[in-house]
Number of protein chains: 2
Amino acid sequence: MQIEALKILFAQSGLKFTNQRYVVYKAMVAARDHPSAETVWRRVREEAPAISLDTVYRTLAALEARGLVTRVPAGGDEARFDGDVTAHHHVVCLRCGAISDFTMTGATLTDLPPTVAAWGRVRDAQVLVRGICHKCLGPNDNTQPN
Amino acid sequence: MQIEALKILFAQSGLKFTNQRYVVYKAMVAARDHPSAETVWRRVREEAPAISLDTVYRTLAALEARGLVTRVPAGGDEARFDGDVTAHHHVVCLRCGAISDFTMTGATLTDLPPTVAAWGRVRDAQVLVRGICHKCLGPNDNTQPN
DNA sequence: TTTAATGCAAACGCTTTGCATCTGG
DNA sequence: CCAGATGCAAAGCGTTTGCATTAAA
């Protein structure tokens, strides 16, 4: 994405365009691993060494409030963010915390039962799968899931 | 549920049967609001006034590890637990934190795409809907979702 | 120039943990 | 008896916040 397009996007969202926000958003769009705030921080410090961790937190919160990033309901101890705001689902490894995307039909906003619409205003819907990934299981693993 | 049946259930799970665990589990099965540890604590203190908050945390963790309760991936600041371990889905209010159940077809374990099975060992799958509930919206509310 | 964003450091709140004591099996 | 559970208090850790400074518009 062009930097000029980002300036326009930020302006439309009522956000000042700062270099900190630029590198954070760029890192979020590029990331495929649903990074935590601290992970984002480590990455962007290569490009903006003076950025503070609180600014990363504040930036992610600002982007989330504008719908430019999403928080993944992964359930670990640290919040995980997603730069892909298109509809998709998540698998979470309860052991290592890895998060992967997957797609499937039949579980998007339009598939929800009318009871959900009656409940209030829906922002997003996703399938959340929890388990243990293959890397954590190892070859021919037979241990219990926890 | 009979108290004798609970003793058997706990024994099968390798858990000693204590009054603290008894009241916590009973409260979890009775609850419909997916309470936090502190909410559970407030409730069980009526029946077991000496119980400590850490014991509630430890008990919920032990029950979760045995699959007797579930953690709801609600995303708020405090962990929310569910005494209903049958397959169902959740709607979460981003404003007040209320969590409701709903059911729908097409999004259970058996409906997941093969890519998920290839990913590892799946423990559970649910649809997670986020939005603002009617109580928080109020009558004829037109504010933005956040 | 005016309003918002940043960095720093301290505070905050939920959760976990070490340890001595107690208790279920 | 003895391994495991509990209560207490303190620590841990991710996240938030107050405030002075800096920078975008």
Side-chain angles (χ1 to χ4, degrees), chain A residues 3-4 6-25 34-42 44-45 47-66 68-69 71-81 94 97 99 146, chain B residues 3-4 6-25 27 34-42 44-45 47-66 68-69 71-81 94 97 146:
Chain A
I3 189 168
E4 286 306 324
L6 281 187
K7 286 188 180 179
I8 294 169
L9 178 65
F10 276 38
Q12 287 173 338
S13 303
L15 293 174
K16 287 187 179 175
F17 187 85
T18 66
N19 189 248
Q20 288 91 325
R21 286 177 175 169
Y22 169 58
V23 294
V24 166
Y25 184 64
H34 315 82
S36 68
E38 197 172 334
T39 300
V40 173
W41 186 45
R42 269 198 299 275
V44 298
R45 269 194 297 179
E47 200 170 341
I51 194 173
S52 70
L53 179 55
D54 354 284
T55 295
V56 175
Y57 273 111
R58 277 189 275 231
T59 301
L60 290 171
L63 294 173
E64 186 197 11
R66 271 82 176 178
L68 298 178
V69 304
R71 207 173 280 254
V72 183
D77 24 298
E78 37 183 19
R80 304 286 290 269
F81 298 88
L94 297 167
I99 303 173
N146 234 351
Chain B
I3 188 168
E4 286 305 324
L6 282 187
K7 287 187 179 180
I8 294 170
L9 179 65
F10 277 39
Q12 286 175 338
S13 302
L15 292 174
K16 286 186 180 177
F17 186 86
T18 66
N19 189 251
Q20 288 90 326
R21 286 178 175 168
Y22 170 57
V23 294
V24 166
Y25 184 63
H34 316 81
S36 67
E38 197 171 335
T39 300
V40 173
W41 186 44
R42 270 197 298 276
V44 299
R45 269 194 297 180
E47 199 171 340
I51 194 172
S52 70
L53 179 55
D54 352 284
T55 294
V56 175
Y57 273 111
R58 277 189 277 232
T59 300
L60 290 171
L63 293 174
E64 186 198 9
R66 272 83 177 179
L68 299 177
V69 305
R71 207 173 281 254
V72 184
D77 24 299
E78 36 183 19
R80 304 286 291 268
F81 298 89
L94 296 166
N146 231 351

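In the text below, chain A, chain B and the rest are named by the order of the sequence lines, each starting its count at 1. The basis for the numbers below is simple: all heavy atoms, side chains too, and nothing from hydrogens, waters or symmetry mates.
- What separates CD of Glu78(B) from P of dG13(C) is a distance of 12 Å, to the nearest Å.
- Within the 4.0 Å cut-off from OP1 or OP2 of dC8(C), not a single side-chain nitrogen or oxygen of Ser52(A) is found.
- Distances shorter than 4.0 Å separate none of the side-chain N or O atoms of Gln20(A) from OP1 or OP2 on dA23(D).
- Residues Ser13(A) and Arg66(A) come closest through the heavy atom pair O-NE, 3.0 Å.
- Counting to the nearest Å, the P atom of dA5(D) and the CZ atom of Arg58(B) are 10 Å from each other.
- Rounded to whole Å, atom C1' of dA25(D) lies 13 Å from atom CZ of Arg21(A).
- At a threshold of 4.0 angstrom between heavy atoms, the contacts of Ala50(A) are confined to the sugar-phosphate backbone, with no base atom among them.
- Following rounding to the nearest Å, Arg42(A) (CZ) and dG14(D) (P) show an atom-to-atom distance of 10 Å.
- Between Tyr25(B) and Phe10(B), the two ring planes are perpendicular [angle over 60°; tilted spans 30° to 60°].
- Regarding Leu53(A), its CG atom lies at a distance of 12 Å from the C1' atom of dC13(D), rounded to whole Å.
- Residue-to-nucleotide contacts include no donor-acceptor pair under 3.5 Å from the side chain of Lys16(A) to the base of dA23(D).
- Using a 4.0 Å heavy-atom distance criterion, Ala61(A) is classed as making no nucleic acid contact.
- The 5' end of DNA chain D is approached more closely, in terms of each residue's nearest nucleotide, by Ile51(B) than by the other of Asp54(A) and Ile51(B).
- When each of Thr55(A), Thr18(A), Val40(A) is tested with Val24(A) by the rule side-chain contact (heavy atoms from CB on, under 4.5 Å), just one qualifies, namely Val40(A).
- When the side-chain nitrogen and oxygen atoms of Tyr57(B) are compared with OP1 and OP2 of dT16(C), none of them lie within a distance under 4.0 Å.
- Between Thr18(A) and dA24(D) there is no side-chain N or O to OP1 or OP2 distance below 4.0 Å.
- Two residues, Leu15(B) and Ala37(B), neighbour DNA chain C, and the one matched to the more 5' nucleotide by heavy-atom proximity is Ala37(B).
- When all heavy atoms of Arg21(B) and Lys16(B) are compared, the pair lying nearest together is NH1-O, 3.1 Å.
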- Tell me, with the steps shown, if His34(A) and Phe81(A) meet side-chain contact (heavy atoms from CB on, under 4.5 Å). CA-CA 5 Å; His34(A) 315 82; Phe81(A) 298 88; over 6 Å; no
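- Residue contacts for Asp77(A): at a heavy-atom cut-off of 4.0 Å it reaches the sugar-phosphate backbone alone, with no base atom in range.
- One can place CD1 of Ile3(A) at 14 Å from C1' of dA24(D), the figure rounded to the nearest angstrom.
- One interatomic measurement links the two molecules: CZ of Phe10(A) to P of dA5(C), which rounds to 11 Å at whole-angstrom precision.
- Looking at heavy-atom distances under 4.0 Å, Ala79(B) makes contact with sugar-phosphate atoms alone, never a base.
- What separates CG of Asn19(B) from P of dG4(D) is a distance of 21 Å, to the nearest Å.
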